[in-house]
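Data block below; observations after.
Heavy atoms only: backbone and side chains are in, while hydrogens, waters and symmetry mates are out.
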Amino acid sequence: MKCRKNKSNPNNPLPPPFGLYLNLSFFSYFDSTTPLITHITVKEKGMALWFCSARFLVFLFIVSALPIAYIISQERAKTDHHVFHYHSSGFFRECAKWDDQGRRFLVSFLEGGVGEIHVPQNYTPDVVLQEVTVVKDSDLTGNASNGIALDRPRNRLLVAVADVLGNRYSGLAAYDLSTWKRLFLTKLSGPGDEKSMADDVAVDADGNAYVTDVKGSKIWKVGVDGELLSTLTNPLFTPKEWYKSLLGLNGIVYHPDGYLIVIHTLSGNLFKIDLAKGDEVKLIEVAGGPLAFGDGLELISPTKLVVAAGNPSGRLVESTDGWETASVVAKFKGPMHRLATAATVKDGKVYLNHMFGMGYPRKTHALVEFVL
């Protein structure tokens with residue numbers, strides 16, 4: 001866009017909307033009888049008229065209709081894999097985990113809170129399930145609920161919470177799986193600290209929780225009773241390219257052999273953190289990688305890991321040497337118009353959570369089977 005600067009005040013150009021080249025001249029031409037906009041060229045008049053014309057409205061309708069038609073076709077398309085559909089109160093669901101004992105999926109709300117989706121014993125694939133809100137914590141209003149982890153031995157759900165837009169608060173909350181009473185809320189960072197965003201959480205055999213910071217690429221360790229124990233940082237967590245640090249450490253899982261596996265989103269790097277060796281950090285060399293845009297992780301066996309990664313929706317990674325090295329052995333391409341953000345296992349099958357819900361006023365979400 002192009003504006004004529006006032007000669008008496010050259011730092012006062014006002015940018016007009018829609019890229020129209022309006023030549024504006026202020027104060028020196030402005031009095032009670034002179035309009036603010038002094039003149040518009042013939043070309044500019046033509047452009048303005050075109051934006052108001054029926055032809056432009058038709059063009060705008062076609063441009064907006066094409067993606068809508070594509071989404072509708074994708075939603076109606078038949079697939080050779082199973083999908084759990086459920087109605088929800090919100091458009092954004094960050095993470096989902098299957099609770100076998102409760103016969104339910106637990107999902108986190110980007111607007112804050114947790115819901116459950118019960119799957120009845122007589123469930124049939126054509127049934128659309130219903131989400132019920134079980135956690136809406138007034139103390140965390142304005143913060144998102146991101147990654148969640150089931151801690152069945154202690155009958156609790158761990159939830160990473162964060163100020164997604166301002167990055168001024170990160171915390172870890174724990175809730176009783178039977179009563180949904182909050183057991184603790186641990187502040188990990190606040191307004192006086194560096195910007196952070198608690199993104200995902202894993203729990204070890206002793207009940208210690210490990211929370212990733214996708215903004216600052218560090219890991220907080222929280223004790224079984226909610227005490228903040230330590231913060232893990234490492235130079236390997238910082239890529240050489242500055243822009244790859246915009247989204248850092250994300251998905252995290254605890255391996256039964258006593259170490260963590262964590263992914264860095266934009267670099268696609270996968271790390272092994274050996275808790276028995278003073279939190280030793282090693283880069284896992286992944287053949288067929290890197291795992292760019294990796295988000296949620298799910299360990300489906302000691303040697304196999306599922307990575308939810310946007311599109312392709314999921315990747316299966318396998319290691320035969322204790323996660324010193326690994327290789328991508330399978331890829332799964334789910335719905336192109338949704339975004340895979342987490343993985344979980346139900347009855348031996350892997351399901352990918354997708355961030356975006358479709359429809360209004362009832363939003364429909366999808367948990368899509370990753371066909372291995």
Quiz item: Given Asp100 and Asp347, is the side chain to side chain contact (heavy atoms under 4.5 Å, CB included) satisfied, shown in steps?
Solution: CA-CA 8 Å; Asp100 188 61; Asp347 300 330; 4.0 Å; yes
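- Panel note: side chain Thr212, backbone Val214; no donor-acceptor pair is recorded below 3.5 Å.
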Exercise. Give the C-alpha distance, both sets of side-chain angles, the deciding distance and a yes or no for side-chain hydrogen bond (donor to acceptor under 3.5 Å, both in side chains) between Thr124 and Asn122.
Key: CA-CA 6 Å; Thr124 56; Asn122 60 350; over 6 Å; no
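- Contact annotation: the side chain of Tyr210 never approaches that of Ile273 to less than 4.5 Å [non-hydrogen atoms, C-beta and beyond].
- In this structure, Lys346 is positioned above the aromatic face of Trp98, its NZ or CZ under 6.0 Å from the six-membered ring centre and within 45° of the axis.
- Salt bridge Arg93/Glu111: present, at least one basic N to carboxylate O contact under 4.0 Å.
- Side-chain contact between Glu298 and Val350: absent, with no pair of heavy atoms (C-beta onward) separated by less than 4.5 Å.
- Atom-to-atom distance recorded for Thr238:OG1 and His264:NE2 is 7.0 Å, nearest 0.5 angstrom.
- Criterion: ILVMFWY side-chain heavy atoms under 4.5 Å apart, direct or through other members. Under it, Val127 and Leu367 are part of a common hydrophobic cluster.
- For the atom pair NZ (Lys272) and CD1 (Ile261), the distance works out to 8.0 Å, reported to the nearest 0.5 Å.
- Asn167 and Val164 make their closest contact through ND2-O, 3.2 Å (heavy atoms, listed as atom of the first residue, atom of the second, distance).
- Of the listed residues (Val328, Val317, Asp295), just one forms a side chain to side chain contact (heavy atoms under 4.5 Å, CB included) with Val307, and that residue is Val317.
- Other residues, nucleotides and ligands place more than 12 heavy atoms under 6.0 Å from the NZ atom of Lys136.
- A donor-acceptor pair under 3.5 Å links the side-chain atoms of Asn234 to the main chain of Leu236, judged by distance alone.
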Exercise. Go through the steps for His82 and Tyr351 under the test side chain to side chain contact (heavy atoms under 4.5 Å, CB included), then give the verdict.
Key: CA-CA 9 Å; His82 179 238; Tyr351 288 87; 3.2 Å; yes
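- With hydrophobic clusters built from ILVMFWY side chains whose heavy atoms lie under 4.5 angstrom apart, Leu275 shares a cluster with Leu249.
- Residues Val159 and Phe184 fall into different hydrophobic clusters, defined by Ile, Leu, Val, Met, Phe, Trp and Tyr side chains chained together at heavy-atom separations under 4.5 Å.
- Considering only heavy atoms from C-beta on, Trp220 comes within 4.5 Å of Leu228 through its side chain.
- Minimum interatomic distance between Leu110 and Met355 (heavy atoms only, all atoms of both residues): CD2-SD, 4.3 Å.
- The nearest pair of heavy atoms linking Leu172 to Ala160 is CD1-N, 4.2 Å.
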Self-check item: Audit row: Gln101, Leu177, side chain to side chain contact (heavy atoms under 4.5 Å, CB included) steps and yes/no
Solution: CA-CA 10 Å; Gln101 188 170 321; Leu177 282 167; over 6 Å; no
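- Smallest separation of non-hydrogen atoms from Pro239 and Ser245: CD-OG, 3.4 Å.
- The backbone N or O of Leu260 sits nowhere less than 3.5 Å from a side-chain atom of Trp323 that would complete a donor-acceptor pair.
- Distance alone, capped at 3.5 Å, is enough to place a donor-acceptor pair between the Ser301 side chain and the Thr303 backbone.
- The CG atom of Leu157 sits 10.0 Å away from the CG atom of Leu183 when rounded to the nearest 0.5 Å.
- Side-chain contact check for Val281 versus Phe237: some heavy-atom pair is nearer than 4.5 Å.
- The two residues Val83 and Ala366 have their closest heavy-atom pair at CG1-CB, 3.8 Å.
- Note that NZ of Lys215 is 6.0 Å distant from NZ of Lys195, once rounded to the nearest 0.5 Å.
- Counted within 6.0 Å of CZ on Phe293, heavy atoms from surrounding residues, nucleotides or ligands total 12 or fewer; the atom is thus considered open.
- Proximity of Glu94 to Ser145: side-chain heavy atoms (C-beta onward) are nowhere separated by under 4.5 Å.
- If you take CZ on Arg362 and OG on Ser89, they are separated by 12.5 Å, rounding to the nearest 0.5 Å.
- Under the 4.5 Å side-chain heavy-atom criterion for Ile, Leu, Val, Met, Phe, Trp and Tyr, Ile117 and Val114 are members of distinct hydrophobic clusters.
- His354 places a side-chain N or O within 3.5 Å of a backbone atom of Leu352 that can act as its donor or acceptor partner.
- Crowding of Glu285 atom CD: a count of heavy atoms from other residues, nucleotides or ligands under 6.0 Å not exceeding 12.
- Of the inter-residue distances, the one linking Leu291 atom CG with Leu270 atom CG reads 6.0 Å to the nearest 0.5 angstrom.
- Under a cut-off of 6.0 angstrom, the local environment of CZ in Arg168 is sparse, with at most 12 non-hydrogen atoms contributed by other residues, nucleotides or ligands.
- Contact of the Phe105 side chain with the Val119 side chain is registered, since non-hydrogen atoms from C-beta on lie closer than 4.5 Å.
- Between the side chain of Thr265 and the backbone N or O of Gly294, at least one donor-acceptor pair lies under 3.5 Å.
- Here the side chains of Asn143 and Asp137 are not in contact, with every heavy-atom distance at 4.5 Å or above.
- Ionic pairing of Arg152 and Asp99 is present here: one or more N-O contacts between side-chain nitrogen and carboxylate oxygen are shorter than 4.0 angstrom.
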Practice problem: Check the pair Tyr254, Val203 against side chain to side chain contact (heavy atoms under 4.5 Å, CB included), reporting the backbone distance first and the verdict last. | Solution: CA-CA 6 Å; Tyr254 174 75; Val203 59; over 6 Å; no
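- Ring geometry for Phe92 versus Phe356: interplanar angle over 60°, hence perpendicular rather than tilted (30 to 60°).
- Note on Val135: it clusters hydrophobically with Leu106, by side-chain heavy-atom contacts below 4.5 Å among ILVMFWY residues.
- Looking only at side-chain heavy atoms (C-beta outward), Phe109 and Thr133 come within less than 4.5 Å of each other.
- Smallest separation of non-hydrogen atoms from Ala209 and Val201: CB-CG2, 4.1 Å.
- Between the side chains of Thr344 and Asn353, no donor-acceptor pair of N or O atoms lies under 3.5 Å.
- Within 6.0 Å of NZ in Lys363 there are more than 12 heavy atoms belonging to other residues, nucleotides or ligands.
- Side-chain atoms of Ser170 do not come within 3.5 Å of backbone N or O of Leu188 as any donor-acceptor pair.
- Looking at Asp279 and Lys221, no side-chain N of the basic residue comes within less than 4.0 Å of a carboxylate O on the acidic one, giving no salt bridge.
- A distance-only check finds no donor-acceptor pair linking the side chain of Asp176 to the backbone of Arg156 [under 3.5 Å].
- For the 3.5 Å distance criterion, the side chains of Asp213 and Ser196 fail to qualify, holding no donor opposite an acceptor.
- Of the possible donor and acceptor atoms, one in the side chain of Thr186 sits under 3.5 Å from a partner among the backbone N and O of Gly226.
- Between the side chains of Asp200 and Asn250, no donor-acceptor pair of N or O atoms lies under 3.5 Å.
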